[in-house]
Participant: 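I have a structure here, written as structure tokens, and I will follow up with some questions on it.
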There are 2 protein chains.
Amino acid sequence: MSPDDGMSHMRNRRADVVDHALGVLDRHGLPDLSMRRIAAELGVQPSALYHHFASKQLLLAALADEILRRGTHTQPDPDAPWDERVRGGCHALRDAILAYRDAAELVATVHAFGLGAHEPHRRLCDDLVDAGFEPSFARDAATTLLHFVLGHATDEQLHLQANSVGAIDDAPLVPADSGRGASFDLGLSLIVDGIRLRHPSASAAAS
Amino acid sequence: MSPDDGMSHMRNRRADVVDHALGVLDRHGLPDLSMRRIAAELGVQPSALYHHFASKQLLLAALADEILRRGTHTQPDPDAPWDERVRGGCHALRDAILAYRDAAELVATVHAFGLGAHEPHRRLCDDLVDAGFEPSFARDAATTLLHFVLGHATDEQLHLQANSVGAIDDAPLVPADSGRGASFDLGLSLIVDGIRLRHPSASAAAS
DNA sequence: ACCTGAACACCGTTCAAGT
DNA sequence: ACCTGAACACCGTTCAAGT
């Protein structure tokens, strides 16, 4: 798809490194995502990567941004009510993260280091401000939503890994595909309902 | 305080290792908490640690459990209403975590690996079940609360570290000690209010 | 602009052997 | 019961030098 694809076979550009690193992540998981392994599978010396990224942390930040970019490029319906937009944004973020192995831990780490992955927070914030909430409240509410989405996705991907390693399959009392999604929806509803109580148009507020 | 304290000067027991490792964590941070460094500061070979812990992950799990144990040994008032008990439990958990450098990331990691640190979830769960909620709902609600507390504490400790490293001091538009606490209380209230809407005694429920 | 080759200062873990 | 000594198979990062 890119202009000079297939012509250069030795030299890589930044985007090539990101793309290959994402493959390594999805095939081998975050613990095996080392600079040396990315370089080896890319047919290059480890030191070559430092031409494109000043550190491993910055490479991880680029991976997180790319994962989120690939999964959240669809614009939500601007005519939908704010709570539907917020719920949709959280679901899109979750889906983007679940599309890559160990992406939840990766995004959480990058987010914790403050290097990137701010786009989801900004979008949730904007939706809440557009809905009439105070900006400072919108920031805190968006942060709470993000903590929930990242935490839930992290738990989910860990259990996937634990089961694939060969441990007992947890508690499959539930069809296994509807179970996790239901608990995600429930937690999300708790927070969205709490936000709704603070809406300027809310009739009554709790302590 | 312990029976043979001060008598043995070469051989360590499990609790000694945990105690010393907590010191290393608090003085040097999680990135520098290596088996080799713990061993060195303890005056012992790295391999000696494997007599007490089968792996680094299990040592980290013991550290997390100890941090939580030290910070949450006070029983909440059993006569208080459920929401006060839940809020108190979340605050105690947060205080326990903020007492040690990088403890949020440590506890989150251990929790993600499923090796320990289940006590806080169990307590929140019990409080909610005692309050009359369905056990399955109580589990999901407790999980949502835990994700929030851990996520918020992780953000907070990262910003502490970022500021101590020498970066610009973020956004000190607020007295800096009341600011973070207020955003924690707000996020916590969002979730608790969402839970309250699901209480059996609630008059009306949202979608 | 992108890469090599070699080095530096580390890791977690295992294992035979000691006391 | 607890530790040593030595090894194995790795890390991230730097830097002069090449093309």
Side-chain angles (χ1 to χ4, degrees), chain A residues 2-21 24-25 27-64 102 105-106 109-110 112-113 115 161 165, chain B residues 2-21 24-25 27-64 102 105-106 109-110 112-113 115 161 165:
Chain A
S2 53
D4 52 348
D5 206 10
M7 285 307 168
S8 65
H9 59 327
M10 301 292 283
R11 292 159 110 87
N12 305 278
R13 288 148 311 139
R14 214 185 118 102
D16 297 322
V17 176
V18 167
D19 209 70
H20 206 95
V24 175
L25 173 68
R27 285 194 306 274
H28 304 285
L30 192 56
D32 288 344
L33 187 69
S34 67
M35 297 297 269
R36 298 181 106 102
R37 179 166 323 215
I38 295 169
E41 301 210 4
L42 211 117
V44 111
Q45 294 287 335
S47 49
L49 298 178
Y50 289 86
H51 182 79
H52 303 282
F53 299 95
S55 70
K56 183 183 183 182
Q57 277 183 27
L58 288 171
L59 194 161
L60 294 183
L63 293 189
D102 291 350
E105 207 182 329
L106 171 64
T109 298
V110 166
F113 271 87
L115 295 175
Q161 163 189 356
V165 160
Chain B
S2 53
D4 53 347
D5 205 10
M7 286 306 167
S8 65
H9 58 329
M10 300 292 283
R11 291 159 111 87
N12 304 279
R13 287 149 310 140
R14 215 186 116 102
D16 298 322
V17 176
V18 168
D19 210 70
H20 207 95
V24 174
L25 174 67
R27 286 193 305 275
H28 304 285
L30 191 57
D32 288 344
L33 187 69
S34 68
M35 298 296 270
R36 298 181 106 101
R37 187 190 283 240
I38 295 168
E41 301 209 3
L42 211 118
V44 110
Q45 294 287 334
S47 50
L49 298 178
Y50 289 85
H51 182 78
H52 303 283
F53 299 95
S55 68
K56 183 184 183 181
Q57 277 183 27
L58 288 171
L59 194 161
L60 294 183
L63 294 189
D102 290 349
E105 207 183 328
L106 170 65
T109 298
V110 167
F113 272 88
L115 295 175
Q161 163 188 357
V165 160

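Throughout, protein chains are lettered first and strands after them, A, B, ... in sequence-line order, and every chain is numbered starting at 1.
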Participant: Does any part of the side chain of A/R13, heavy atoms only, come nearer than 4.5 Å to the side chain of A/D16, both counted from C-beta?
Facilitator: yes

Participant: For A/D32 and D/dG12, give me the distance from atom CG to atom C1', rounded to whole Å.
Facilitator: 16 Å

Participant: Which atoms form the tightest heavy-atom contact between A/D102 and A/P31, and what is the distance?
Facilitator: OD2-CD, 3.6 Å

Participant: I need the residues from residues 48-59 of chain B with at least one non-hydrogen atom less than 4.0 Å from DNA chain D; give them sorted by number, or say none.
Facilitator: B/A48, B/H51, B/H52

Participant: Report the distance from atom CE of B/M35 to atom C1' of C/dC10, rounded to the nearest whole Å.
Facilitator: 16 Å

Participant: Rounded to the nearest angstrom, tell me the gap between atom CZ in B/R37 and atom P in D/dC11.
Facilitator: 22 Å

Participant: Which atom pair, heavy atoms only, marks the closest approach of A/F53 to A/L59?
Facilitator: CD2-CA, 3.7 Å

Participant: Which atoms form the tightest heavy-atom contact between A/Y50 and A/S55, and what is the distance?
Facilitator: CE2-CA, 4.1 Å

Participant: Can you find a heavy atom in the side chain of A/L60 that is under 4.5 Å from one in the side chain of A/L33?
Facilitator: yes

Participant: Could you note down all residue pairs passing salt bridge (Lys or Arg N to Asp or Glu O under 4.0 Å) where residues 38-55 of chain B supplies at least one of them, sequence neighbours left out?
Facilitator: B/R27-B/E41, B/R37-B/E41

Participant: Under a cut-off of 3.5 Å for both distances of each Watson-Crick or G-U pair, what dot-bracket string does DNA chain C give, using [ ] for crossing pairs and | for inter-strand pairs?
Facilitator: ||.|||||...|||||.||

Participant: Report all interatomic pairs (protein N or O, nucleotide N or O of nucleotides 6-9 of chain C) with separations under 3.5 Å.
Facilitator:
none

Participant: Among A/L58, A/V18, A/V17, find the one that has a side chain to side chain contact (heavy atoms under 4.5 Å, CB included) with A/H52.
Facilitator: A/V17

Participant: P atom, D/dC2 versus C/dA17: distance in rounded Å?
Facilitator: 22 Å

Participant: When you measure from the side chain of A/P46, which nucleotide among C/dG12, C/dC2, D/dT13 comes out closest?
Facilitator: D/dT13

Participant: side-chain contact (heavy atoms from CB on, under 4.5 Å) with A/A39: which residues, sequence neighbours excluded?
Facilitator: A/V44, A/P46, A/L49

Participant: Could you tell me which non-hydrogen atom of A/L115 sits nearest to which non-hydrogen atom of A/A61, and how far apart they are?
Facilitator: CB-CB, 3.9 Å

Participant: Holding to side-chain hydrogen bond (donor to acceptor under 3.5 Å, both in side chains), I want the full list of residues that pass it with B/D32, two or more places apart in sequence or in another chain.
Facilitator: none

Participant: Taking all non-hydrogen atoms of both residues into account, name the closest pair between A/A21 and A/L63 and its distance.
Facilitator: CB-CD2, 3.7 Å

